[in-house]
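Worksheet: one structure, shown below.
Just so it is clear, the structure is predicted and the values come from calculations on it, not from any experiment. Naming: A, B, ... by sequence-line order, numbering from 1 per chain.
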Number of protein chains: 2
Amino acid sequence: MRIKPKIDRKRIIIMAAADLFREKGYNASSVRDIAAMVGLEPSSIYSHIKSKEELLAEICLETANKFMLGINIISKQDISAKKMLKLLVSLHLDIAFENPSFAIVYIDEWRYLPEPILSEFLNLRKDYDKKFKKILTDGKSDGKFSFLNSDIAFNIIIKTLNWSFTNLKKFRREEVEEELNHLIFNGI
Amino acid sequence: MRIKPKIDRKRIIIMAAADLFREKGYNASSVRDIAAMVGLEPSSIYSHIKSKEELLAEICLETANKFMLGINIISKQDISAKKMLKLLVSLHLDIAFENPSFAIVYIDEWRYLPEPILSEFLNLRKDYDKKFKKILTDGKSDGKFSFLNSDIAFNIIIKTLNWSFTNLKKFRREEVEEELNHLIFNGI
DNA sequence: CCTACCGATCGGTAGG
DNA sequence: CCTACCGATCGGTAGG
């Protein structure tokens with residue numbers, strides 16, 4: 001007797017959707033395409049999912065929750081802001097290399113989330129950003145960081161960390177991490 | 001007698017399209033929406049443009065050409081790599097602040113360009129990237145830059161420069177430029 | 001999980 | 001620049 005086989009099928013569909021959304025963008029990806037990728041007729045997809053939007057929601061929220069989980073663990077530790085930032089670099093790379101398609105869709109396609117999921121997603125992001133910024137401002141208070149405006153610096157650094165996940169496969173993870181740490185902490 | 005009034009109308013349509021593409025993404029933006037923005041019936045748009053794709057092409061190629069023009073001027077000067085990189089920071093901010101919608105569409109929506117325009121666009125980008133990378137490697141040869149891998153460093157820095165053009169309006173240009181220069185040259 | 005199908009919306013054209 | 005309209009494609013449902 002198989003237990004909840006639908007769970008596995010659904011996961012396969014979500015992963016196929018992530019690959020497609022990444023490649024063509026959410027709006028240019030059709031349910032028919034996703035169905036073909038997993039060997040189903042278009043309408044059969046709906047035995048496993050409620051809607052195309054649900055697929056995007058699962059991808060974006062799962063990834064957002066990974067970031068939240070990670071930053072919560074990092075924030076709680078009794079270490080310097082500099083070490084925390086180093087762990088954040090590592091966290092972003094963990095998530096990006098673990099599942100590149102999810103990471104790219106999370107970065108590039110979240111805006112197509114329907115309400116009320118969009119609000120839920122944005123709240124997670126706002127929470128993440130706040131915790132990230134606190135690490136930066138703590139580091140500045142301690143005299144370890146010397147950026148000028150914490151909002152601008154935060155925006156630049158978060159963008160840097162989410163750098164072209166697109167080209168990720170071309171490089172080894174350790175190389176990327178070394179380079180990011182070098183640039184963030186010492187500059188070019 | 002009015003001379004070539006269509007040029008102005010077309011420009012207005014392109015700018016409206018850029019605003020819409022930026023806000024909703026290319027695929028989620030309909031010709032009907034663009035027409036409504038400029039006060040025309042949907043079909044009347046086609047008296048001014050050939051297709052929706054043409055609008056995207058104009059936005060992306062015009063912006064790509066601005067970048068090419070800028071880097072060609074910068075590369076020709078007899079100055080250090082560090083000064084060149086500083087001018088590149090300035091170039092990216094010039095283009096971003098001059099027309100944020102064009103800049104964002106250029107960054108986020110270019111992949112929806114149809115062939116053969118996509119290839120033309122990618123060739124411009126490849127040329128730009130090559131010139132940008134040369135400045136970085138020159139700076140390293142001179143011992144002024146200390147990054148590790150020029151491909152990775154280039155990707156990170158270009159991403160940093162194109163940082164959330166999305167939030168640009170929240171900050172003053174000089175502040176952003178100061179912060180970028182600080183982070184790129186000295187680190188956090 | 002499939003066959004059959006639907007209403008909505010899309011980019012674009014014909015003809016004036 | 002408009003009215004009228006078209007074929008294609010979309011997300012999704014009915015019913016088995």
Got [X] and [Y] here, is their nearest side-chain heavy-atom distance under 4.5 Å?
X        : Y        : value
A:Ile152 : A:Phe147 : no
B:Ile157 : B:Phe132 : yes
A:Phe171 : B:Asn155 : yes

Bounds of contact between DNA chain D and chain B, in 5' to 3' order, using a heavy-atom cut-off under 4.0 Å: D:dC1 to D:dA4
May I have all residue pairs that pass salt bridge (charged side-chain N to carboxylate O under 4.0 Å, His left out) and include part of residues 83-96 of chain B, sequence neighbours excluded? B:Asp94-B:Arg173
Under 4.0 Å from any atom of DNA chain D, heavy atoms only: list the residues of residues 28-37 of chain A that qualify, in numerical order. A:Ser29, A:Ser30, A:Val31, A:Arg32
Kindly give the heavy-atom pair with the smallest separation between B:Gly25 and B:Glu109, and that separation in Å. CA-OE2, 3.6 Å
Do A:Lys130 and A:Phe154 form a cation-pi contact, if we require the NZ or CZ to be under 6.0 Å from the six-membered ring centre and within 45 degrees of the ring's axis? no
Hey, does the Lys NZ or Arg CZ of B:Lys52 hover above the aromatic six-ring of B:Tyr26, less than 6.0 Å from the centre and inside 45° of the axis? yes
A:Asn162 and B:Lys159: side chain donor to acceptor below 3.5 Å: no
Listed range with range, the stems formed with DNA chain D by at least 3 consecutive Watson-Crick or G-U pairs (under 3.5 Å) are C:1-16 with D:1-16
Quick one: side chains of residues 117-124 of chain B, donor-acceptor pairs under 3.5 Å with protein atoms, not counting sequence neighbours, listed by atom name and distance.
from: B:Ser119; atom 1: OG; to: B:Glu115; atom 2: OE1; distance (Å): 2.8
from: B:Ser119; atom 1: OG; to: B:Glu115; atom 2: OE2; distance (Å): 3.1
from: B:Asn123; atom 1: ND2; to: B:Ser119; atom 2: O; distance (Å): 3.3

When all nucleic acid strands are considered with a 4.0 Å heavy-atom cut-off, which category describes A:Ser51: base, sugar-phosphate, or nothing? sugar-phosphate
Once ring pair (Phe, Tyr, Trp, His ring centres under 6.0 Å) is applied, do any residues pair with A:Phe102, and if so which ones, sequence neighbours excluded? none
